[in-house]
Amino acid sequence: MIKSTSEVRQAFLDFFATKQHQIVKSSSLVPGNDATLLFTNAGMVPFKDVFLGAEHRSYTRATSAQRCVRAGGKHNDLENVGYTARHHTFFEMMGNFSFGDYFKEKAISYAWEFLTTVLGLPKEKLLVTIYDTDEEAYAYWKDEIGVPAEKIIRIGDKPGGKKFESDNFWSMGDTGPCGPCSEIFYDHGEHIWGGPPGSPEEDGDRFIEIWNIVFMQFNRQSNGDMDPLPNPSIDTGMGLERISAIMQDVHSNYEIDIFQALIKDTAALLNCTDLEHKSLRVISDHIRSCSFLIVDGVVPSNEGRGYVLRRIIRRAIRHGHKLEAQGNFFHKLVASLIKQMGGAYPELVQQQAIIEKLLRIEEEQFGRTLDRGMLLLEDILANLSGDTIKGDDVFKLYDTYGFPADLTADIARERNLKIDQDGFDIAMGEQRERAQKASQFGTDYNQQLKSDHTTEFKGYDNDSYSATVVELFNNQDHTAISQLNAGEQGLVILDHTPFYAESGGQVGDSGFLHLDGGTFEVNDTIKLGNAFAHVGTAHTNIGLNRRVKAEINVERRSAITKNHTATHLLHAALRKVLGEHVTQKGSLCDADKLRFDFSHFEAVTAKELQTVETMVNDEIRRNHARETQSMYIDEAKEKGAMALFGEKYDDEVRVVTLGGFSIELCGGVHVDRTGDIGLLKIVSESGIAAGVRRIEAVTGTGALNFINQQSASLASIASLVKSDVSNAGNKVEQLVSRTKQLEKEIAQLKQELAAQAGSDLVNNAIEINGIKVLIADLGGVESKALRGMVDELKNKMQSGVIMLATANDDKVGLIAGVTKDLVGRVKAGELVNMVAQQVGGKGGGRPDMAQAGGSQPENITAALATVSPWLAEKLS
């Protein structure tokens with residue numbers, strides 16, 4: 001009998017395979033064909049373009065178990081996870097799809113057969129809903145399937161809403177494919193509160209939707225007209241967790257086998273004996289979404305998908321903190337998840353080390369601030385009047401301690417409080433505005449110019465090509481013109497060209513357009529839609545319909561292609577050395593260098609960089625022939641070609657293969673053989689954003705020049721330290737060690753002199769209300785010496801208050817000291833902060849000693865003059 005979640009998943013796929021459906025592997029959680037979606041949140045997302053007619057596949061029936069995440073954007077279930085029976089950040093959506101093949105009759109028949117025959121659900125436990133006016137679906141459910149009329153519930157448009165706004169009418173958007181749907185519900189029994197769909201008690205838990213069948217039969221127009229689709233289609237979805245709960249005779253999704261195993265392993269790890277604790281549910285849910293997001297290339301960051309991942313991780317850590325977790329724990333649950341789901345998703349096994357490492361790094365980073373952030377939150381709650389945490393306080397927790405607003409809301413909800421979300425949003429908006437003010441954006445031809453022409457690219461096999469001028473633009477006001485005169489700058493569009501237009505990180509070609517009487521010098525080539533625009537200066541008059549010979553700068557093109565092909569090798573090497581989570585986040589290939597941005601969660605070590613560089617140069621020396629093939633996108637992916645998430649690809653794509661080392665989808669220009677690159681030398685590696693690293697490198701002659709410059713620098717250093725090149729490193733190390741020792745001795749001497757000077761200062765103390773007070777400007781004494789000086793003075797004075805200032809290199813150093821018998825009357829932190837604000841700084845510290853800095857040494861005298869009146873008030 002089918003019971004386990006794994007058995008239900010496989011039974012579903014096997015059933016539809018017998019009905020001639022193509023089993024399609026789950027797509028990535030990062031949608032590759034919809035920039036409007038943060039994550040894949042439904043089973044139909046990978047097929048969206050197929051339904052729209054923009055993509056064609058080799059099959060008309062499909063079935064899948066699609067990984068989905070709802071934790072950001074429009075579909076955000078995060079705050080409910082762990083507190084309800086069926087909300088998750090990650091879930092699996094089982095689906096069967098028809099692309100213009102079968103329609104209502106078979107869709108309904110297949111669903112009923114699977115539920116009642118394959119799974120053996122009692123028919124009397126099932127009821128269905130239809131759209132109010134869908135008589136076709138009603139007749140089939142009643143007359144063919146045999147569902148009693150009282151168990152077929154009509155759901156109409158929402159009260160006060162527009163026509164076709166109903167829970168049983170599905171739309172892809174305001175316009176486009178749409179249609180009525182039919183939902184199948186399971187009755188958990190009278191012992192559970194709730195009513196059937198459409199009733200006042202429909203929000204109860206007795207009747208649970210398990211399957212939704214969408215009948216895509218209309219194309220909604222902008223004026224509201226519903227035109228019948230020429231090829232009506234089917235899109236269905238059944239939550240694996242929900243149907244598994246029914247098969248395992250439990251009511252909550254968290255009681256099914258996968259979650260129970262995760263909950264028990266989490267409890268054992270955290271020494272928690274209460275297996276019903278809500279925090280165990282949260283953690284067991286979150287380890288699934290976090291692990292699968294990392295598998296699909298998402299890394300924690302402060303924006304976009306990476307920020308959502310970071311929020312989920314931090315929510316899980318906070319719930320572990322509630323269960324008194326000792327040390328890092330979350331990453332240790334990956335192994336438990338693999339036991340439950342590794343069979344269905346082997347990518348979890350393949351990337352286990354990467355998942356664990358990323359989660360551990362996040363735990364360590366957040367763990368350092370969690371306790372301090374919780375202290376601040378407790379302080380805010382202790383002084384709270386009312387039931388709402390102010391937006392400014394929520395923002396302070398986010399900005400200072402990395403507490404996402406929903407994490408603060410989560411904690412507030414546990415205490416029957418809420419947060420001022422609008423106030424938080426305003427504070428966030430103000431911060432973004434401040435950040436954006438620093439940004440300046442230049443003119444982009446692509447935004448200002450449009451062309452309806454199409455240029456045919458001939459540059460894969462040609463350095464020059466005869467072509468016709470089909471359009472001209474003036475460079476000053478970007479208007480279309482009939483002629484460019486000699487000396488004028490502008491853009492020339494040709495019907496054919498060997499010039500590559502900037503795209504995919506490869507810069508545009510330069511060169512000349514030759515015509516009778518002179519030339520047009522091309523400085524850059526860009527895309528204007530499907531047209532290639534040659535940007536440059538006319539050295540003779542050039543008009544529409546003129547024939548030209550387009551000739552690229554071959555030497556520059558050669559340097560660019562070396563760098564471009566090298567990025568493919570570099571990408572492949574990084575994935576082999578660092579892991580398959582590495583994906584391209586941007587690139588630039590010009591004649592001088594290459595720049596490659598990629599996803600990775602920490603700095604690449606020197607050893608890893610050396611391994612990558614060696615691997616790339618090995619492939620260069622193997623002198624692989626560059627192979628290019630045009631093929632369908634599915635065929636390319638089956639071949640193992642790398643595609644970039646978020647990139648839109650045509651049905652037919654260009655695949656560039658370099659030996660067996662690198663296979664990528666790419667429309668750019670490359671060397672004929674890897675050996676043409678000559679040599680690659682990595683120049684630098686750095687971080688440019690959270691979770692994104694950048695490598696800069698040079699190839700060919702540029703690499704040789706770089707090595708020669710390094711050799712010259714090394715020879716110069718060797719000469720300066722009076723050594724030969726081979727021993728220069730040891731000699732420099734000796735000198736650095738000696739310098740550090742001397743600096744340490746100097747610092748000790750300065751401290752001794754400062755302490756001596758401090759002893760002499762005691763005689764300058766004054767009395768304020770019977771208390772000894774020492775206020776002094778020490779001139780150029782180093783700030784590092786102040787702490788020791790204050791300790792010495794406190795010992796000498798026994799009881800008193802000290803305020804010292806110093807200035808070095810236009811920087812102010814301040815320190816305040818208060819002996820322990822007086823900290824109840826004067827706080828060193830308050831005193832030093834009062835002075836610091838007058839010299840362009842701020843600071844604080846312990847009640848008995850506090851330091852601060854500033855940037856206005858010219859204000860020291862005036863600032864110190866305010867200390868006596870301030871202390872007089874405190875000591876009165």
Side-chain angles (χ1 to χ4, degrees), residues 442-481 483-484 487-515 518-540 542-565 567 586-595 628 647 650 654 656 666-671:
T443 300
D444 188 342
Y445 283 118
N446 299 40
Q447 293 176 355
Q448 298 204 7
L449 296 178
K450 290 185 178 179
S451 174
D452 294 328
H453 287 88
T454 295
T455 302
E456 187 175 346
F457 180 58
K458 296 292 186 178
Y460 290 131
D461 304 309
N462 300 281
D463 298 332
S464 63
Y465 205 85
S466 294
T468 301
V469 177
V470 296
E471 198 167 12
L472 293 165
F473 289 98
N474 187 294
N475 197 44
Q476 293 179 343
D477 53 15
H478 305 127
T479 56
I481 55 176
Q483 179 170 293
L484 269 174
E488 290 182 339
Q489 294 181 332
L491 293 85
V492 179
I493 294 177
L494 305 176
D495 59 349
H496 303 83
T497 186
F499 284 75
Y500 184 81
E502 181 176 351
S503 179
Q506 180 176 335
V507 298
D509 278 329
S510 62
F512 289 92
L513 307 182
H514 298 281
L515 62 162
T519 62
F520 178 89
E521 185 177 358
V522 181
N523 299 317
D524 193 10
T525 311
I526 63 172
K527 280 187 178 180
L528 300 181
N530 293 321
F532 285 30
H534 305 75
V535 184
T537 305
H539 297 299
T540 187
I542 180 170
L544 293 175
N545 301 317
R546 288 291 300 273
R547 292 290 292 174
V548 300
K549 182 182 180 182
E551 189 171 53
I552 65 173
N553 181 331
V554 176
E555 185 177 343
R556 181 171 178 271
R557 161 74 78 84
S558 176
I560 293 169
T561 56
K562 286 180 173 65
N563 284 326
H564 188 191
T565 306
T567 62
S587 69
L588 174 67
C589 305
D590 60 26
D592 299 322
K593 64 184 180 303
L594 68 86
R595 190 177 72 208
T628 55
E647 285 288 317
D650 296 330
R654 187 167 180 266
V656 176
C666 180
V669 186
H670 291 273
V671 298

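When reading the values below, keep in mind they use all heavy atoms of this one structure, side chains included, and skip hydrogens, waters and symmetry mates. Model, not experiment: these values are computed from the prediction.
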State the [atom1]-[atom2] distance between [X] and [Y], to the nearest 0.5 angstrom.
X    : Y    : atom1 : atom2 : result
T540 : I542 : OG1   : CD1   : 8.5 Å
L494 : F457 : CG    : CZ    : 12.5 Å
R556 : D509 : CZ    : CG    : 6.5 Å
I560 : L594 : CD1   : CG    : 12.0 Å
E471 : N545 : CD    : CG    : 11.5 Å
Q506 : H564 : CD    : NE2   : 5.5 Å

Can you name the closest pair of heavy atoms from [X] and [Y] and give their distance?
X    : Y    : value
L528 : F473 : CD1-CE1, 4.2 Å
Q483 : E488 : O-OE1, 4.4 Å
P498 : N462 : CB-O, 3.5 Å

*Candidate pair K527 and E502, rule side chain to side chain contact (heavy atoms under 4.5 Å, CB included), full reasoning*: CA-CA 7 Å; K527 280 187 178 180; E502 181 176 351; over 6 Å; no
Does some side-chain heavy atom of [Y] sit less than 4.5 Å from a side-chain heavy atom of [X]?
X    : Y    : value
F520 : L484 : yes
L588 : V507 : yes
N553 : V522 : no
H453 : N530 : no
L544 : V470 : no

*Before giving the answer on side chain to side chain contact (heavy atoms under 4.5 Å, CB included), spell out for N523 and V535 the whole-Å C-alpha distance, their side-chain angles and the decisive distance to 0.1 Å.*
CA-CA 6 Å; N523 299 317; V535 184; 5.7 Å; no
*Do we see a donor-acceptor contact under 3.5 Å between the side chains of H534 and T497?*
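Looking only at side-chain atoms, T497 and H534 do form a donor-acceptor pair, the distance falling under 3.5 Å.
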*Is a side-chain donor-acceptor pair under 3.5 Å present for E521 with T537?*
no
_Over-ring placement of R557 relative to F499, 6.0 Å and 45° cut-offs_ = no
*asked:* Under a 4.0 Å threshold between the charged nitrogen and the carboxylate oxygen, would D590 count as salt-bridged to K593?
replied: yes
*asked:* Could you walk me through whether S466 and R547 satisfy the side chain to side chain contact (heavy atoms under 4.5 Å, CB included) test, starting with their C-alpha distance in whole Å, then the side-chain angles of each, then the deciding distance to 0.1 Å, before giving a yes or no?
replied: CA-CA 7 Å; S466 294; R547 292 290 292 174; 3.5 Å; yes
*side chain to side chain contact (heavy atoms under 4.5 Å, CB included) between I526 and L491, worked out*: CA-CA 9 Å; I526 63 172; L491 293 85; 4.1 Å; yes
